[in-house]
Amino acid sequence: MAGTLVFLEHHEGEIQKGSLGVLAKAATVGAAHGVVVGSGVAGLADGLGTTVWVADDERLAAPLPQPRVDVLAKLVRDEGYDTVLFGQSVLAADVAAGLAARLGAGLNWGLVDFDGEHGRAPALQDTVVVDVGWSTPVRLGLFRAGALDPAPLSGTSEVRAVTVELEDFSTAAVMVEQAHAEQQGPSIEEADVIVAGGRGLGEPEKFALAEELARELGGAVAATRAVVDAGWYPYAAQVGQTGKTVSPKLYIALGISGAIQHKVGMQGSNVIVAINKDPNAPIFEFADLGVVGDLHEVVPKLTELVRARKS
Ligand SMILES: Cc1cc2nc3c(=O)[nH]c(=O)nc-3n(C[C@H](O)[C@H](O)[C@H](O)COP(=O)(O)OP(=O)(O)OC[C@H]3O[C@@H](n4cnc5c(N)ncnc54)[C@H](O)[C@@H]3O)c2cc1C
């Protein structure tokens with residue numbers, strides 16, 4: 001049976017939005033099944049309206065790639081899937097690369113679309129979008145984070161259990177410790193509103209301005225590479241070519257010049273608002289609304305207005 005298998009990554013008892021977006025996209029162009037891998041994960045397969053394989057085994061509890069490669073490789077071989085798709089994440093990239101090596105399969109990454117035959121991927125610093133194809137019998141594709149809408153999936157799932165068989169070498173690595181960054185509110189990948197800070201904030205402590213505005217708007221805080229490199233904010237918040245791609249409904253850029261490497265990570269936002277004291281800053285060329293002014297004066301007033309409007 002030729003068909004598409006989608007790796008359904010999960011975190012804290014929920015399938016990731018990115019994976020759901022990939023499953024919804026794959027279902028529009030052909031038969032698409034999902035696979036959930038982990039321990040105590042059977043309930044996650046419910047309500048996706050398609051066939052979902054569940055590999056539920058305590059040896060799969062840690063989010064390590066090689067055991068997941070074993071599960072996916074066996075499904076591809078036993079069930080004859082010719083396409084395996086992933087939503088971008090650190091784990092998914094590892095699993096996709098491992099599966100490519102295991103199956104001798106071609107892997108296209110950074111995809112933003114798929115028509116069942118070809119993928120589409122931005123190239124040349126996102127200045128063009130190109131069609132990409134595969135020359136191998138099994139095709140692997142990794143979608144850019146935030147590239148697809150997680151259209152709501154519904155309907156009864158046909159849940160099928162996977163017999164888990166792990167290679168000896170796949171269990172050689174063990175998870176010694178897992179740490180989670182403390183975070184309030186949504187992540188930048190999930191947030192509808194993002195308030196992003198750049199070097200124009202002036203000093204790390206001034207990220208409090210971005211955090212306060214984001215809190216009032218129920219959003220998340222992002223950052224440019226310049227400030228991440230300077231140690232002002234964690235790398236996980238970096239948006240751009242070497243950071244994350246985001247597509248919130250509203251992106252508010254505070255003291256960000258709008259370099260191409262930043263733009264490529266946030267240009268998919270619905271509405272972009274820029275606050276910058278330089279009227280010639282490149283960000284005004286692609287912002288929907290621009291405020292020329294000192295962010296240290298504008299942002300507290302904006303936050304106050306939002307607070308007043310809410311109450
Ligand atoms: C290979 C490569 C990859 C890169 N990847 C990324 C990436 O993933 N993400 C990314 O962001 N960058 C990336 N960069 C860096 C990128 O080129 C820019 O250097 C960076 O985005 C600039 O960050 P910034 O806008 O915070 O700082 P700046 O460019 O210094 O801009 C600061 C802005 O703040 C404004 N400002 C200053 N004071 C105030 C004030 N009081 N009120 C209002 N406005 C004020 C200034 O007018 C200016 O426009 C990459 C670069 C390279 C070469």
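Both ligands and their constituent atoms are indexed starting at 1 by order of listing.
Looking at T242, V298, V264 and measuring to atom 5 (N) of ligand 1, the nearest heavy atom belongs to T242. Residue Q261 holds the heavy atom nearest to atom 52 (C) of ligand 1 of all those in H296, Q261, K263, K277. Counting heavy atoms only, A226 comes closest to atom 22 (C) of ligand 1 of the residues P282, A281, A226, A230. Remark: among candidates H262, Q238, Q241, the nearest residue to atom 1 (C) of ligand 1 is Q241, based on non-hydrogen atoms. With atom 39 (C) of ligand 1 as the reference point, the heavy atom nearest to it among G200, G293, A222, G197 is part of G200.
At least one heavy atom of N276 sits less than 4.0 Å from an atom of ligand 1.
Considering backbone and side-chain N/O of G255, one or more are found under 3.5 Å from N/O of ligand 1. For ligand 1, the polar-atom distance check against A259 finds no nitrogen or oxygen pair separated by under 3.5 Å. Considering both main-chain and side-chain atoms, L295 comes within under 3.5 Å of ligand 1 through a nitrogen or oxygen pair.
Y251 contributes atom OH, which lies 6.5 Å from atom CD1 of I194 (distance to the nearest 0.5 angstrom). Put simply, CZ on F143 and NZ on K25 are 7.5 Å apart, with the number rounded to the nearest 0.5 Å. Once rounded to the nearest 0.5 Å, the distance linking CG of L48 with CD1 of I15 reads 6.0 Å. One finds the NZ atom of K249 at 12.5 Å from the OG atom of S269 (value rounded to the nearest 0.5 Å).
Contact check on R307 versus E212 returns a salt bridge, with a Lys/Arg side-chain nitrogen under 4.0 Å from an Asp/Glu carboxylate oxygen.
Ligand 1 places these atoms under 4.0 Å from at least one heavy atom of G240: 7 (C), 8 (O), 9 (N). Heavy-atom proximity to G243, at under 4.0 Å, picks out these atoms of ligand 1: 8 (O). Near D294, with a cut-off below 4.0 Å to any heavy atom, the atoms of ligand 1 are 40 (C), 41 (N), 42 (N). Under a 4.0 Å criterion applied to the non-hydrogen atoms of G198, ligand 1 contributes the atoms 26 (O).
Side-chain contact between V69 and S170: absent, with no pair of heavy atoms (C-beta onward) separated by less than 4.5 Å.
Pairs passing the ring pair (Phe, Tyr, Trp, His ring centres under 6.0 Å) check and including a residue from residues 282-311, sequence neighbours excluded, do not occur.
Ring geometry, F7 versus F86: the interplanar angle falls from 30° to 60°, so the pair is classed tilted.
Counting heavy atoms closer than 4.0 Å to ligand 1, residue V239 contributes backbone atoms (N, CA, C, O) but none from C-beta onward.
For D57, the salt bridge (charged side-chain N to carboxylate O under 4.0 Å, His left out) partners are R59, not counting sequence neighbours.
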